[in-house]
Asker: 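Please see the structure below; I have some questions.
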Amino acid sequence: FRDDCVLPARLSVMDQDGEELTLADTQDIVISVLKCFLTKRSKRAVLTPKEFLAYADEEANHFARRQVTQYTLCTRLSVKSLPQKAFTVRGCTVAAIKNLKRFALPSALTQIPAESSLRGHLSATRYLPVAVKTEGRSVHEATSRALGAIDLLRGLWTIKATSGRFLLVEDAHKRRSISAVRSAPIHTLHHRDGRVAYENYWHDPSYAGDADLFVPKEGWSRVERYRRLAMLRMASSKYRKEVEDLVIRYANALDYTSPDMCFLHLWSLLEKITGTVGGKYDDTIKRTACVFADAPRVKEVLGFLRMLRNRFVHASVGSEGRCNIAYTLKYFVDIHLNHLISNTFRLDALGQYADLLDLPANYSVLQGRRFLLSKAIRLHSPATN
């Protein structure tokens with residue numbers, strides 16, 4: 001590349017279905033592009049952005065034509081048992097592992113230092129072993145699909161299990177995740193017969209110890225009923241994938257044991273839901289509050305949360321009672337996620353939800369707009385022109 005070339009901070013590669021490839025697969029494509037260029041051109045040649053994109057398109061096409069291979073991802077969940085034998089989620093099948101010995105361990109696991117927290121997890125965890133039947137054109141794509149299925153399950157269970165819940169003040173100092181169900185810090189990929197498909201492993205670099213096992217207070221029936229109904233409603237939604245992606249982001253945000261990081265990721269999720277990414281904070285607050293009967297009070301609370309966010313982002317100043325602050329923001333996110341999951345307003349696209357929230361909250365004003373809109377529709381109708 002020339003020194004004067006302006007390149008994006010992050011390169012995205014889309015497949016023929018419009019899906020973004022994993023970061024690892026994108027990196028492999030970029031490396032292949034550079035290798036291909038170096039073998040075809042002299043050392044003094046310059047790779048221009050136009051040439052780079054041409055090479056990248058060619059490599060992406062090669063990736064798209066790869067054969068899809070079936071795999072099984074092995075991981076664990078912080079539960080004693082699953083509420084049913086198996087789940088079908090996002091094209092994957094999730095089930096508890098009855099015989100863990102049939103899955104060979106990748107050689108990289110034996111190299112984890114004895115003093116590492118990951119080694120402690122492997123030797124003493126009480127998490128339930130879980131297998132996810134998945135597939136992909138690469139091990140990274142297959143793993144991403146499997147983890148997405150697991151995170152969607154965890155997110156839906158957590159919404160129901162923790163909705164409206166707040167930590168007691170005396171417990172707020174404890175450094176722990178506010179997610180109901182955590183996944184293991186280590187994931188391995190195998191062929192369907194149990195053989196190792198990838199000699200390395202995926203892990204959570206922020207892992208600081210196992211969470212308590214999730215035991216629903218009233219049993220699994222209430223939580224699982226919500227999960228089944230939510231998946232049925234999302235299946236009939238025209239923006240199903242977008243809502244599922246939001247639930248997955250929600251599950252990952254709640255995994256952070258740092259309350260400040262959890263809070264920041266929840267705020268980012270709220271901006272996505274309200275369509276105000278890169279926009280004004282006042283719009284985020286207005287749109288978030290408009291679904292509440294006591295909108296003025298909610299705006300005051302959100303204004304306070306915005307101030308805490310800005311203090312942490314711009315001055316690295318945390319807040320006291322940070323777990324409770326994260327729980328407060330989570331409460332607002334839960335309300336909006338439930339509207340999107342159930343498609344309360346029968347919308348056709350995720351962006352319409354943000355447009356709906358941006359409308360005036362005054363009933364008389366809306367009535368006046370509807371009157372004028374009906375006239376405008378008649379004025380501009382093709383039948384009248």
Side-chain angles (χ1 to χ4, degrees), residues 10-15 17 19-35 59-60 62-78 86-114 116-123 125 127-154 182-207 210 248 251-252 255:
R10 181 174 181 268
L11 178 68
S12 296
V13 178
M14 315 297 289
D15 64 13
D17 298 322
E19 298 292 330
E20 186 176 348
L21 301 189
T22 67
L23 179 59
D25 287 326
T26 300
Q27 290 175 339
D28 288 343
I29 287 176
V30 171
I31 292 173
S32 296
V33 168
L34 297 177
K35 288 181 178 179
E59 292 297 325
H62 287 321
F63 180 88
R65 291 193 294 268
R66 286 186 187 179
Q67 181 180 358
V68 174
T69 304
Q70 294 186 332
Y71 298 98
T72 298
L73 181 86
C74 287
T75 185
R76 292 174 181 264
L77 292 176
S78 62
F87 304 85
T88 300
V89 185
R90 281 196 148 194
C92 299
T93 302
V94 182
I97 298 177
K98 295 182 179 179
N99 181 17
L100 192 59
K101 293 182 179 179
R102 80 181 189 88
F103 293 100
L105 294 178
S107 57
L109 280 181
T110 63
Q111 301 173 12
I112 298 177
S116 169
S117 58
L118 294 178
R119 175 64 66 185
H121 170 82
L122 288 173
S123 61
T125 185
Y127 285 13
L128 180 72
V130 172
V132 186
K133 291 183 178 179
T134 182
E135 62 181 22
R137 292 163 293 189
S138 71
V139 296
H140 305 293
E141 184 177 73
T143 300
S144 178
R145 289 176 185 268
L147 294 179
I150 287 288
D151 291 342
L152 181 58
L153 279 177
R154 296 192 306 112
R182 293 293 305 273
S183 60
I186 294 178
H187 321 286
T188 58
L189 194 67
H190 307 261
H191 295 290
R192 289 293 171 86
D193 60 3
R195 291 179 297 114
V196 174
Y198 184 60
E199 284 296 342
N200 212 326
Y201 59 90
W202 288 262
H203 75 285
D204 177 7
S206 64
Y207 173 72
D210 282 5
I248 290 171
N252 291 325
D255 281 345

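Not measured: the values here are computed from a predicted model.
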Asker: With sequence neighbours excluded, tell me which residues meet side-chain contact (heavy atoms from CB on, under 4.5 Å) with Asn200.
Answerer: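 Asn200 satisfies side-chain contact (heavy atoms from CB on, under 4.5 Å) with Ala108, Tyr198 only.
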Asker: Find the distance between CG (Leu73) and SG (Cys92) and round it off to the nearest 0.5 Å.
Answerer: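 Going from CG on Leu73 over to SG on Cys92, the span is 9.0 Å.
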Asker: Search all heavy atoms of Leu109 against all heavy atoms of Leu122 and return the closest pair with its distance.
Answerer: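 That closest heavy-atom pairing would be CD2-CD1, 4.2 Å.
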Asker: What are the two closest non-hydrogen atoms of Val132 and Ala146, and how far apart are they?
Answerer: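 Between these two residues, the closest heavy atoms are CG1-CB, 3.6 Å.
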Asker: Scan residues 142-153 for pairs that pass salt bridge (charged side-chain N to carboxylate O under 4.0 Å, His left out), counting only residues two or more places apart or in two chains.
Answerer: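 For residues 142-153: Asp151-Arg154.
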Asker: Closest heavy-atom contact between Ala142 and Thr134?
Answerer: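 Closest pair (atom of Ala142, atom of Thr134, distance): O-OG1, 2.9 Å.
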Asker: If a pair satisfies side chain to side chain donor-acceptor pair (under 3.5 Å) and one of its residues is in residues 97-114, list it, with sequence neighbours excluded.
Answerer: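 Sorted result for residues 97-114: Ser107-Glu199.
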Asker: Of all heavy-atom pairs between Pro129 and Leu100, which one has the smallest distance, and what is that distance?
Answerer: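 Shortest heavy-atom separation between Pro129 and Leu100 comes out as CB-CD1, 4.1 Å.
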Asker: Assess whether a salt bridge exists between Arg137 and Asp15, defined as any Lys/Arg side-chain N lying under 4.0 Å from an Asp/Glu carboxylate O.
Answerer: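 Result for this pair is yes, salt bridge flagged.
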Asker: Quick one, Asp204 and Arg182 - any side-chain contact, counting heavy atoms below 4.5 Å?
Answerer: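 Answer yes - side chains close enough.
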Asker: Roughly how far, to the nearest 0.5 Å, is the CG atom of Leu105 from the OG1 atom of Thr188?
Answerer: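 The OG1 atom of Thr188 sits 7.0 Å away from the CG atom of Leu105.
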Asker: When rounded to the nearest 0.5 angstrom, what distance separates CG in Leu189 from OG1 in Thr69?
Answerer: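 Those atoms lie 10.0 Å apart.
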Asker: So which pairs with a foot in residues 87-96 pass side chain to side chain donor-acceptor pair (under 3.5 Å), sequence neighbours left out?
Answerer: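 Qualifying pairs: Arg90-Glu244, Arg90-Asp245.
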Asker: Given side chain to side chain contact (heavy atoms under 4.5 Å, CB included), test Tyr71 with Arg192 step by step and report yes or no.
Answerer: CA-CA 5 Å; Tyr71 298 98; Arg192 289 293 171 86; 5.5 Å; no
Asker: Please name all residues satisfying ring-ring contact (aromatic ring centres under 6.0 Å, His included) with His62, sequence neighbours left out, ordered by chain then number.
Answerer: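 His62 satisfies ring-ring contact (aromatic ring centres under 6.0 Å, His included) with no other residue.
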Asker: Are Val13 and Phe63 side-chain neighbours, meaning at least one heavy-atom pair lies under 4.5 Å?
Answerer: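 No, side chains not in contact.
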Asker: Test your reading of the model: is there a side-chain donor-acceptor pair from Ser123 to the backbone of Gly120, 3.5 Å cut-off?
Answerer: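 Side chain of Ser123 to backbone of Gly120, a donor-acceptor pair under 3.5 Å: yes, one is there.
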Asker: Do any N or O atoms from the side chain of His140 and from the backbone of Leu23 form a donor-acceptor pair under 3.5 angstrom?
Answerer: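 Pair absent, no side-chain N/O of His140 close to backbone of Leu23.
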Asker: Looking at every heavy atom in both Val196 and His190, which two are closest together, and how far apart are they?
Answerer: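 Nearest heavy atoms, Val196 then His190: CA-ND1, 4.1 Å.
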Asker: For a 4.5 angstrom cut-off between non-hydrogen side-chain atoms, does Leu153 reach Leu77?
Answerer: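 Side chain of Leu153 against side chain of Leu77, heavy atoms only: no contact under 4.5 Å found.
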Asker: Hey, could you give me the OG1/CG distance between Thr26 and Leu21, rounded to the nearest 0.5 Å?
Answerer: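 Going from OG1 on Thr26 over to CG on Leu21, the span is 5.0 Å.
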Asker: Have Thr75 and His187 got a donor and an acceptor in their side chains that come within less than 3.5 Å?
Answerer: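 Looking only at side-chain atoms, His187 and Thr75 do form a donor-acceptor pair, the distance falling under 3.5 Å.
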Asker: Sequence neighbours excluded, which residues qualify as ring-ring contact (aromatic ring centres under 6.0 Å, His included) partners of His121?
Answerer: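 Scan of His121 (ring-ring contact (aromatic ring centres under 6.0 Å, His included), adjacent residues dropped) gives Tyr127, Tyr207.
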Asker: Assess the residue pair Ile150 and Val94 against the criterion (side chain to side chain contact (heavy atoms under 4.5 Å, CB included)); give the C-alpha distance rounded to whole Å, side-chain angles, the decisive distance to 0.1 Å, and a yes or no.
Answerer: CA-CA 8 Å; Ile150 287 288; Val94 182; 3.8 Å; yes
